Structure formats: structure tokens, C-alpha cells
*Asks:* 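One structure, pasted below without further comment.
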Protein chains: 2
Amino acid sequence: MKHAGFQSVIALQAPETEESRRTLVILTAARLFRENGYERTTVRELADAVGLRSGSLFHHFRNKEEILVAVMANGIQSVIDAGRDLMARHAGPAARLEGLFRLHMASLISGVGGDAMHAMIYEWRSLSPSAREGIRHLTDQYEALWQQAMDDAVACGLLEGDAAILRKQVLGGMNFSVAWYRPDGRLGADALIDAMLRAALPELMSSRP
Amino acid sequence: MKHAGFQSVIALQAPETEESRRTLVILTAARLFRENGYERTTVRELADAVGLRSGSLFHHFRNKEEILVAVMANGIQSVIDAGRDLMARHAGPAARLEGLFRLHMASLISGVGGDAMHAMIYEWRSLSPSAREGIRHLTDQYEALWQQAMDDAVACGLLEGDAAILRKQVLGGMNFSVAWYRPDGRLGADALIDAMLRAALPELMSSRP
DNA sequence: GTCTATACATAGATAGAC
DNA sequence: GTCTATCTATGTATAGAC
């Protein structure tokens, strides 16, 4: 089969910039990693899924690990950005905590963001020590947002206990939902987020119906 | 290097039954899977770690997946057994919930049980559909224990909300601790379990110091 | 920037001697 | 029950033409 000719036609219709092609690979990789896991996803499968031959991937990425790093960095960075925006728009500890919670759950459930979060949760052991350090730097920033919100909530009496452990428990409970939540199950996305919020942080909801 | 002679000496000192050798492989595999992940652990590494040549493993297990299944089934079964024993010894919803919580955390933190739990959490996607079904049958039994305790706690007013979601949130928060807990960190094992219990189920602790 | 072709390593698994 | 030896397949990554 001739692939070059096919590619030319596509190029005429929608010229791909270097950046958009790279992004397509990253988003597709995130989806495949979620479906089959990083180790069981081959570069050939990924190449097929984006309409390339396997060798061509290595023009965009030095190796397979660099793709995983890009998937993770891409995903966590967008949640950090949204989280900072949220912290800037809301002042009270209750509103901030609830906002971060809903943002995190929405990221996990949504297709694009969820794929990247899934990789963050399940595939970090496949990173080399140096790559792990780079991703760690990003997750630290995200956790700092949560830590601040938790500290404020404890300081004003909204929550009780060890703020760091509370943060771990709440985030862990959310993250694990990627292992069991099914969009076609008993709860839809919105109902799930509400129910999870009530379960994890009932203090936030006690003044509501 | 001659291996047969070495094996003979060992056999004279400590004759290994079929069962104990199989158990050694399972426990060693659990540890290696935790350290390096199932996909990145080779049958050669596992064989080396138990003092065998790679081909010999396939006398005890049909294939690599069967080892993973044995690791998981072994681990979850021991927690189920301990959980049922606990439910039989305690009657009240509060004592049962706290008991299940401490049992689960202790299993996660302990070396042997923790390795198997780690595999349950991280490697279930490496199972074939049929193997996944078999393991699912076991996890269903374990979750049923929790569901019963949660239902009772909600029924008697100890907890509020959706019992199934509460269970998912609490178990998820615990399970995720394998990703961040370090025994040499700020909290020792006992302090961690107490802090996690306060964070996840503060209702159980409100009547205590 | 993509393709074709392939190098090179390593994986899981098997056969048969002992 | 374990070893030695090996098959076979599949993986990542590279080289060079276009």
C-alpha cells in the first residue's frame, strides 16, 4: 500500500503544522495508554492510530518514554492552570475546596483530560528516575494548590485533622474512581460528582438541601 | 555454571514441597511486580530471584499471566478471610467499619499483603478478560463485606449519604496510599492508620480523645 | 516530514535430556 | 522438578531514500 500519496491528499486539505501533529500524537497516545496501558501499547499501534508509520514517530519524539512524559505533562499542566484560575476567582475556603474538587472530578471523567490523568495515576512507574523528577515538579505544584485550600479550611474550622492526610485521602478517593466509574452506570457525570463531594467532604454540604 | 548440583544440596537441607515452592514463586513475584510492575518484570528475573532457571517456572505455572492471577487471588483471599473473621467477632456498625478500615490499611502497608494488594490495584488491566472475571469474583466478595458494614452504618445514622459511593471513596483513598506512603516518612504505620481513619471516617472518632 | 526496510535486543514459551 | 538450549514473535529504534 502507498502511504505517501494518501498523506499528500490529507496535507492539501488540512495542512498539519508541526505543533498540531505533535498534539494529535499526544492525545491519541493518552487514549491508547488508558485503554491498553503504556507498556502494552506499541509504537506501531500509536503510529497506525494517527495515520503514520512507526518510524515517523521518532521524528517527533526521541523515544517512547518521551511520549508518555508529554502525555502526563500536558494533562497535569492544564489542571494546574484551571486550578490557579479558580483559586484567583474564589476567596473563601469552602468555595475554593469545592471548586478544586469539582474541577478534579471533571478532569478525571472527561475524555481528553481523563486520559492524561489516567496515565498520571497508573503509569508513573514506567518513567525513568529523571523523567519522574520532571513530572514530580508539576504534581507538586498541583498538590500545593490543594494543600493551601485544605490548610485554610482547617484554619477556619471548616475541617478538622491533619490537612495533608485529608488531602491525600480525598484526592485518592477521587483518583480511584477512574478504576470503577462507568458513564453508563447508575450515576451520570454530574450526579457522580455531587455524590462524591458529599461522601468526601460532607462538611461543605451541611448547609445545603 | 552447574545448577543441578547446587539444587541437590539445597534439597538435602530443606526439601521443598511442590506447594512451598509455588508459594515462594508467588510471594517473590508479588514483590517484583510491586517494585518494577508486572509488564516490566521478566520471567527470567523472577526465576533468578527464586533460584530457578526461567524454563522451570513453566512447570509450576502455565504462563506468566497465571502467576499474576495467583498473586492477586492469594492476596485478596487472605483479606477476605480476615474480614469475615472480623465481621463475625464484632457486631456494631462502628466497630465493624473501624475493624475493616484498620485491616485494609494494615494489609496495604505490610510487606507480604501489601505486595499483593499493589498488584490488585495496578495490574488488573494486564489480565485477560477471563482471568479478570475470576479475580472480579473475589473482589466482589470483599466489597460485599464493606457494603454490608456501610449499609448498617447508614441505617443506624452513623453515616449519611450514598453507601456505595462512600465505600468507593473511602477504599479509594486508602488504596491510593500505596502510591505515596513511605514507612520512613513523617508518620509511622500506626500513626498513618489513625490519621487516615480520622480523615476518611471522622464520625467514628468523634466520641474519642 | 514521512516512508521503507531493517538492525538489534529481549520477551515468553517449548522440547528433551537428566 | 530442573536444566540447557533454542524457537519464534514482537518490541523499540535507526538509516537512508524520497
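No experiment lies behind these values; they were computed from the predicted model shown. Chain letters run A, B, ... following the sequence lines, proteins first, then strands; residues in each count from 1.
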*Asks:* Let me know the distance between CG of A:Leu52 and C1' of C:dT4, rounded to the nearest Å.
*Replies:* 14 Å
*Asks:* Could you state the CG-P distance from B:Asp48 to D:dC3, rounded to the nearest angstrom?
*Replies:*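 In whole Å, D:dC3 P and B:Asp48 CG are 10 Å from each other.
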*Asks:* Can you measure B:Phe61 atom CZ to C:dG12 atom P for me and round it to whole angstrom units?
*Replies:*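 Computing the B:Phe61:CZ to C:dG12:P distance gives 15 Å.
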*Asks:* Would you name the heavy atoms of A:Ala116 and A:Gly75 that are closest together and state the gap between them?
*Replies:*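 Scanning both residues completely, I find the closest heavy atoms to be CB-CA, 3.5 Å.
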*Asks:* Verify the contact: side-chain N or O of A:His59 to OP1 or OP2 of C:dG1, cut-off strictly under 4.0 Å; return yes or no.
*Replies:*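 Yes, because at least one side-chain N or O of A:His59 sits under 4.0 Å from OP1 or OP2 of C:dG1.
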*Asks:* Dump every N/O contact between nucleotides 13-18 of chain C and the protein below 3.5 Å, one line per pair.
*Replies:*
{"from": "C:dA13", "atom 1": "OP2", "to": "B:Lys64", "atom 2": "N", "distance (Å)": "2.8"}

*Asks:* Among all residues two or more places apart in sequence or in another chain, which pass the ring pair (Phe, Tyr, Trp, His ring centres under 6.0 Å) test with B:His60?
*Replies:* none
*Asks:* Can you tell me how far C1' of D:dG1 sits from CG of B:Leu24, to the nearest Å?
*Replies:* 15 Å
*Asks:* Once you round it to whole Å, what is the distance between P of D:dG1 and CZ of B:Arg21?
*Replies:*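 The answer, rounded to whole Å, is 10 Å.
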*Asks:* Please examine the side chains of A:Asp152 and A:Gln148, heavy atoms only from C-beta on, and report whether any two atoms are closer than 4.5 Å.
*Replies:* yes
*Asks:* Using side chain to side chain contact (heavy atoms under 4.5 Å, CB included) as the criterion, point out the one residue from B:Val170, B:Leu204, B:Val154 that pairs with B:Leu159.
*Replies:*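 Among B:Val170, B:Leu204, B:Val154, the one meeting side chain to side chain contact (heavy atoms under 4.5 Å, CB included) with B:Leu159 is B:Val154.
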*Asks:* Please answer whether the main-chain N or O of B:Tyr38 pairs with a side-chain N or O of B:Glu123 as donor and acceptor at a distance below 3.5 Å.
*Replies:*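 Pair found, side chain donor or acceptor close to backbone of B:Tyr38.
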*Asks:* What is the separation between atom CG on A:Leu57 and atom C1' on C:dC3, rounded to the nearest whole Å?
*Replies:* 13 Å
*Asks:* Without decimals, in angstroms, what is the distance between A:Arg40 CZ and D:dA9 C1'?
*Replies:*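 Atom CZ in A:Arg40 sits about 18 Å away from atom C1' in D:dA9.
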*Asks:* Sequence neighbours left out, what passes salt bridge (Lys or Arg N to Asp or Glu O under 4.0 Å) with B:Arg136? Give chain and number order.
*Replies:* B:Asp140
*Asks:* Could you tell me how far apart B:Leu46 (CG) and D:dT2 (P) are, to the nearest whole angstrom?
*Replies:*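 My rounded result for the distance is 13 Å.
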*Asks:* Does B:Arg53 put a side-chain nitrogen or oxygen below 4.0 Å from OP1 or OP2 of D:dT2?
*Replies:* no
